[in-house]
Amino acid sequence: MTTTAANVPDKPSLDGIEARWAAQWDADGTYRFESPVPRDQVFSIDTPPPTVSGSLHMGHVFSYTHTDTIARYRRMSGKAVFYPMGWDDNGLPTERRVQNYYGVRCDPSQPYQPGFEPPFRGDPPKKHQAIPISRPNFLELCDELVELDEQVFEDLFKRLGLSVDWNHHYATIDERSRRAGQRAFLRNVARGEAYSQEAPTLWDIDFRTAVAQAEMEDRERPAAYHKIPFERTDTGDDGPGAIEIDTTRPELLPACVALVAHPDDERYQPYFGSTVRTPLFGVEVPVVAHELAQPDKGTGIAMICTFGDTTDVTWWRELNLPMRSIIGRDGRLLPDPPGGVDPRAYAPLAGLTVKQAQRAIVEQLDEAGLLIGEPRPIEHPVKFYERGERPLEIVTSRQWYIRNGGRDPELRAALIERGTEVTWHPAHMQHRYENWVEGLNGDWLVSRQRFFGVPIPVWYPLDDQGEPRYDDLLLPDESDLPIDPSTDVPAGYTEEQRGRPGGFTGDPDIFDTWATSSLTPMIAGGWEDDPELFASVFPMDMRPQAHDIIRTWLFATMTRSHHEFGRVPWTHAALSGWILDPDRKKMSKSKGNVVTPMDLFDQYGTDAVRYWAGSARPGVDTAFSEDQMKVGRKLANKLLNVSKFVLQFGEPTDGAELAAGVTHPVDASMLAKLDAVVTEATSAFEAFDYARALERTEAFFWWFCDDYVELVKGRTYDAARPDAANSAKHALRAALSSLQRLFAPTLPFAAEEAWSWWHDVSIHASPWPTVTGLGGDVTLVDPAIEALRLVRRAKTEAKVSQRAEVATVTVHAPAELHPALDAACADLVDAGSIRELTVVEGGSLSTDVLLAEPSAP
RNA sequence: GGGCGAUUAGCUCAGCUGGAAGAGCGCCACGUUCACACCGUGGAGGUCGGGAGAUCGAGACUCCCAUCGCCCACCA
């Protein structure tokens, strides 16, 4: 590191330093990463690509700050840090934002309009009816808006001071991501890890797309038990002898394929193997036994429908029941009844929504006297798509899946094993991973019936009837990727053959957004595109992310890396917590208490906001606290001021090295304390515990300012004792240098500002501090500080200025403390404005303080 | 129902391998000291959620309980 003559401003200030230094770092390429670098000299980060269509909130600031502190530490400790940035811009959130922003909706049947101008750019009126536009027009608007959003994010992140190398960025919809996504998928297909299947699938009727297990959530919803009798076919008895079932979904009566009870349930043993007739619709269905039936729920015997819930799917599959689908992809009852269902009873239901159908059927049951008692209201959990507003239905459709262990115990065990190869921060987060993997009940559904995403790179040949032959895939060559099967043509075919019997058709679907983002370490690392880069950074060192997406992003990434490379994608997973309201509720927009990060940066300064984030333990949910930002502001300010103070003394005049220059035991003692702090902060950072590193540094720092500097500053001014003064200057400057660097990861702007007063090279390109190793006695300085405190207290109690003169101080101390007190005697006399100080033998440290008579005004 | 985490001063939280209860904020009082009023000095304030156990010794270790939060689970 080069040292220049100190160039300290008269009035140090935090104002405006963010813009100044961000521009300087940009210009200097301070955070640039250039491959190749030997892998062991690199620290690589699989940065989370934020969903750019979402809003910027304190959660981003919080977790990205944590990662940045670690990146900065690693950089200073000598690693080449690969810290890229990605934008997650494909998928449903973008589509929805485009719809809301421009007042349009995608309708693939519309023709493309060149030069289309959307009716609005931002905030169309509520009443506005969305204009249907073609898929290409819709995708153009997606691209346009995504670019705007990404700029806003980049501005925020630069202001936050993220030490990202902005030359390394990607978007999950860009060409590189599409190529990587399609390539990885084709390889999954080739190895049998991906397959398509026609099967019952959870379906969002508003978004009209299939939904994966990981994207579901339960919500408590009101419902009602309806008790309905099923007539027994052997006795023809629909009276008291009928089997009564309780159902919350009477509208699924026409979809009923069986009744089920637990095999051990005494009440229903006699009926297993017999059949009953569905009320109203007159379908004969069997009474079957299965362990999943719960004797204590409802009447203990349930109606199996195709499909009311995922248990129905299990029963249907395991008991080989027939299919009677009645719900279409739009959530309305299909126009025609399934086989065996009385068409006259069904006709009035056709085309109704699920809700309407329920009302209609309950009415019919009631009129027919087939509703036993009143419906009994309950609250129960219902599955929703996490972004959806109406309950999920289950419809049968052809979908693509990637094996993730959900149907394969060996793969599941292998993925759990992979979890043990990752170091988790905090460690208990590994439980969530294992918990999730163990609870999987199916493979990963990766196809989505949406528009803005990576197309599934597959075509299907059409048979003579024009029906796709799904088992006979037409696949592109890897070198042609990325492709869009809706516009590109498979080898050996011509565009004219699209959709014609004997021709081909493209898969109309796109990948789930997690299918692309599960490849972020590969995309960012230049997998196959830039082998030199890839070899330098993969597998990555660190995956930072929020704990709520362990089941999605983390697990999916693990799965893809396991399939493709047979190894973990990174060696450390650092999970950050949530931001909570000051009242401990998860921060939410609806409560109107979301603060914008930019306002806080303006109000407190970026370093202050980073301080708040950096004070939170890894993985711990943390209350939003402006008080903490105020503390951070004070700390940053103090760092500037103490830097100015120390530097104003100038360099030692003896020209000695530190080891030879620190001749005073009090100074050596302070540096020994600092050594302990450096050691602790370093090991904390090595363990990804930025908060502990900050806390230790901060605690020492305030002690340094309030006690050590106060104790020795008189000596430092003392021209009569140049050796003693030089020792203090050596120690002060060495400590300042280390402190600035210890703070640099958390307070990058203030640290850089103060550092720049006496260095040419950026602090962020300077080495992490090491111990001085002078071997001072850590405890030596403490008795003197304690004595100083006692003197201060005496002055405070006497309500006089700390500057007030003291006539005599008698320090009582045990003999073993005398050498320490003697060593600091002159400093104490200075710091306490003491005329006469004596140290005498005593039990525990105490002082007799005699204040001097106040001089006449 | 299963799993995980938390419970320490009015508030937000440290207290990592067991060895005399800590910090900041807030509050009170005092002080404009030649780096800092975005300041300094001092003070008050806690039977560490409850109970039991092992230990010379527990805020920390073991077990049980309570409360709060999160994740997961099969919607009759």
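In what follows, chains carry the letters A, B, and so on, assigned in the order in which the sequence lines appear, proteins first and then strands, with residues in each chain numbered from 1.
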Pair A:Q802, A:T796: side-chain N/O donor-acceptor within cut-off below 3.5 Å: yes
Identify whether the distance between the nearest side-chain nitrogen and carboxylate oxygen of [X] and [Y] falls below 4.0 Å.
X      : Y      : value
A:K634 : A:D607 : no
A:K638 : A:E698 : no
A:D689 : A:R696 : no
A:D627 : A:K630 : yes

Whole-Å distance separating the [atom1] atom of [X] from the [atom2] atom of [N]:
X      : N     : atom1 : atom2 : value
A:M629 : B:C25 : CE    : C1'   : 14 Å
A:W612 : B:C25 : CH2   : C1'   : 16 Å
A:W436 : B:C4  : CH2   : P     : 18 Å
A:Q430 : B:G5  : CD    : P     : 12 Å
A:E438 : B:G3  : CD    : P     : 11 Å
A:D621 : B:C70 : CG    : C1'   : 7 Å
A:D689 : B:U17 : CG    : P     : 14 Å
A:Q294 : B:C74 : CD    : P     : 11 Å

Counting any heavy atom closer than 4.0 Å, what does [X] reach on the DNA or RNA strands: base, sugar-phosphate only, or nothing?
X      : value
A:L639 : nothing
A:G298 : nothing
A:R221 : nothing
A:R219 : nothing
A:N441 : sugar-phosphate
A:D627 : sugar-phosphate
A:K297 : base
A:R789 : sugar-phosphate
A:L292 : base
A:A691 : nothing
A:E695 : sugar-phosphate

If we call it a pair only when both distances are under 3.5 Å in a Watson-Crick or G-U wobble match, what pairs with [N]?
N     : answer
B:A52 : B:U62
B:G69 : B:C4
B:G26 : none
B:U32 : none
B:A20 : none

Interatomic distance at P, B:A52 relative to B:A58, whole Å: 13 Å
Interatomic distance at C1', B:G49 relative to B:A44, whole Å: 25 Å
Geometric class of the A:Y708/A:F704 ring pair [parallel <30°, tilted 30-60°, perpendicular >60°]: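 Ring orientation, 0 to 90° scale: parallel.
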Geometric class of the A:H66/A:F62 ring pair [parallel <30°, tilted 30-60°, perpendicular >60°]: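 Answer is perpendicular, since the angle exceeds 60°.
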A:K795 side-chain N/O to B:U33 phosphate OP1/OP2 under 4.0 Å: no
Any A:R249 side-chain nitrogen or oxygen under 4.0 Å from OP1 or OP2 of B:C75: no
Contact pattern, 5' to 3', of nucleotides 34-39 of chain B - B, S or - by protein heavy atom under 4.0 Å: -BBSBS
Where at least one partner belongs to residues 300-318 of chain A, residue pairs that pass salt bridge (charged side-chain N to carboxylate O under 4.0 Å, His left out), sequence neighbours excluded: none
Donor-acceptor contact below 3.5 Å, side chain A:E786 vs main chain A:L845: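 Not a single qualifying donor-acceptor pair exists.
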Check: A:E797 side chain, B:C30 base, donor-acceptor under 3.5 Å: no
Shortest side-chain distance from A:R793, nucleotide among B:U41, B:G42, B:C70: B:G42
